[in-house]
Amino acid sequence: MRESVPVYDQPKFANPRRGLLTAVYAVLSGLLLVLLAVTAAAGLPGPTTAILASSQTLLLMALMLQLYLAHGYVKLTPQGIVVREIRLRTLPWRDVAAIRTRRLRANTVVEVVMADGRRRNLVAPVMLREKDAPRFSAEAAHIQHWWAYWRGRGPG
C-alpha cells in the first residue's frame with residue numbers, strides 16, 4: 001500500500017543564496033552605472049566606447065546570473081517537477097528515470113535523469129555547507145518520495 005502524498009501540499013524549494021545574489025547584483029549594477037557616468041563625464045571617446053560595451057556585457061551577465069540563481073525555484077506538483085530558472089518548465093514524472101544527489105564543484109545538488117538520458121541539475125535544493133546537510137537531505141528525500149509516488153500514476 002502506498003503512502004499518500006497530499007495534493008494540496010505542493011512543496012517549493014528556493015535557492016538559499018537568493019538574498020546574497022540579489023545584493024551582489026545590486027552592487028555590480030551600481031558600480032557599472034558609476035563607471036559609465038564617470039567615463040561619459042570625462043568625455044573620452046575611444047575608451048568610453050570600449051568601456052560602455054564591456055560594462056553593458058557585464059551588466060547583462062550579472063542580470064542573467066541573478067535571474068538564474070536568485071529567483072529560481074523548484075515546485076513539486078502531481079504533474080511533475082516545475083522548475084523556474086529564466087523560464088518556467090515542467091519535468092513530467094513519467095519522463096523522470098532517476099533522482100539523485102550529485103557533488104558539483106563546492107555544492108551538492110539534486111540531479112534529475114530523464115528517460116531519454118538527459119540530465120538536469122535543479123536550482124534548489126542546494127547544499128552549500130556541511131551544516132546544511134540535514135535540510136538538504138530532507139528536501140532531496142522529499143523530491144524522491146514525490147517521484148516514487150507519482151511516476152506512472154498521473155494526477156488524480
Side-chain angles (χ1 to χ4, degrees), residues 1-33 35-36 52-156:
M1 181 172 164
R2 289 183 183 228
E3 182 182 331
S4 67
V5 175
V7 173
Y8 58 84
D9 174 29
Q10 296 181 357
K12 187 174 177 180
F13 307 104
N15 192 308
R17 293 184 188 175
R18 178 179 298 221
L20 174 65
L21 287 172
T22 302
V24 167
Y25 174 70
V27 168
L28 282 175
S29 299
L31 289 173
L32 290 174
L33 290 174
L35 178 66
L36 290 172
L52 282 173
S54 62
S55 63
Q56 288 173 347
T57 303
L58 287 173
L59 189 60
L60 181 62
M61 288 172 51
L63 174 64
M64 297 301 282
L65 176 68
Q66 199 258 351
L67 285 173
Y68 177 73
L69 292 174
H71 292 294
Y73 66 80
V74 171
K75 184 177 179 180
L76 306 180
T77 69
Q79 292 75 30
I81 303 172
V82 176
V83 180
R84 181 185 186 279
E85 295 168 318
I86 294 172
R87 66 185 179 108
L88 198 64
R89 94 177 44 161
T90 300
L91 307 174
W93 294 121
R94 68 181 176 280
D95 295 344
V96 175
I99 296 177
R100 57 185 174 219
T101 60
R102 178 175 174 233
R103 188 93 172 136
L104 184 67
R105 295 186 238 30
N107 305 328
T108 303
V109 298
V110 174
E111 179 183 62
V112 176
V113 181
M114 304 304 289
D116 64 4
R118 288 179 298 137
R119 299 168 193 264
R120 262 192 93 80
N121 295 324
L122 299 180
V123 295
V126 177
M127 183 173 69
L128 306 172
R129 301 176 302 254
E130 285 301 316
K131 75 176 196 170
D132 299 332
R135 176 201 48 83
F136 174 78
S137 296
E139 290 175 350
H142 202 98
I143 293 171
Q144 290 170 333
H145 176 73
W146 270 65
W147 171 63
Y149 182 81
W150 286 110
R151 78 174 153 200
R153 195 187 151 111

Participant: Should Trp93 and Ile81 count as side-chain neighbours, where that means a heavy-atom distance under 4.5 Å?
Facilitator: yes

Participant: Tell me, please, which residues at least two apart from Arg118 pass salt bridge (Lys or Arg N to Asp or Glu O under 4.0 Å).
Facilitator: Asp116

Participant: Would you name the heavy atoms of Val123 and Arg84 that are closest together and state the gap between them?
Facilitator: CG2-O, 4.0 Å

Participant: First locate atom CD of Gln79, then atom CH2 of Trp150, and finally report the distance between them rounded to the nearest 0.5 Å.
Facilitator: 8.0 Å

Participant: Just jot down the side-chain hydrogen bond (donor to acceptor under 3.5 Å, both in side chains) partners of Thr101, sequence neighbours excluded, or say none.
Facilitator: none

Participant: Looking only at non-hydrogen atoms, find the nearest pair between Arg135 and Val126 and report the distance.
Facilitator: NH2-O, 3.0 Å

Participant: Between Met127 and Arg129, what is the shortest heavy-atom contact and its length?
Facilitator: CG-O, 3.3 Å

Participant: Less than 4.5 Å apart, any side-chain heavy atom of Ile143 and any of Pro125?
Facilitator: yes

Participant: Considering the options Val83, Leu122, Leu88, which one meets the side chain to side chain contact (heavy atoms under 4.5 Å, CB included) requirement together with Tyr73?
Facilitator: Leu88

Participant: With a 4.5 Å limit on heavy-atom distance, are the side chains of Val96 and Met114 in contact?
Facilitator: yes

Participant: With side chains defined as the heavy atoms from C-beta onward, is the minimum distance between Val109 and Phe136 less than 4.5 Å?
Facilitator: no

Participant: Return the minimal non-hydrogen interatomic distance between Ala140 and Val110, and the atom names on each side.
Facilitator: CB-CG2, 3.9 Å

Participant: On a heavy-atom basis, which atom in His142 and which in Leu76 lie closest, and how many Å separate them?
Facilitator: CD2-CD1, 3.9 Å

Participant: Which heavy atom of Thr77 sits nearest a heavy atom of Trp146, and at what distance?
Facilitator: C-CZ3, 3.6 Å

Participant: Arg103: what forms a side-chain hydrogen bond (donor to acceptor under 3.5 Å, both in side chains) with it, not counting sequence neighbours?
Facilitator: Thr108

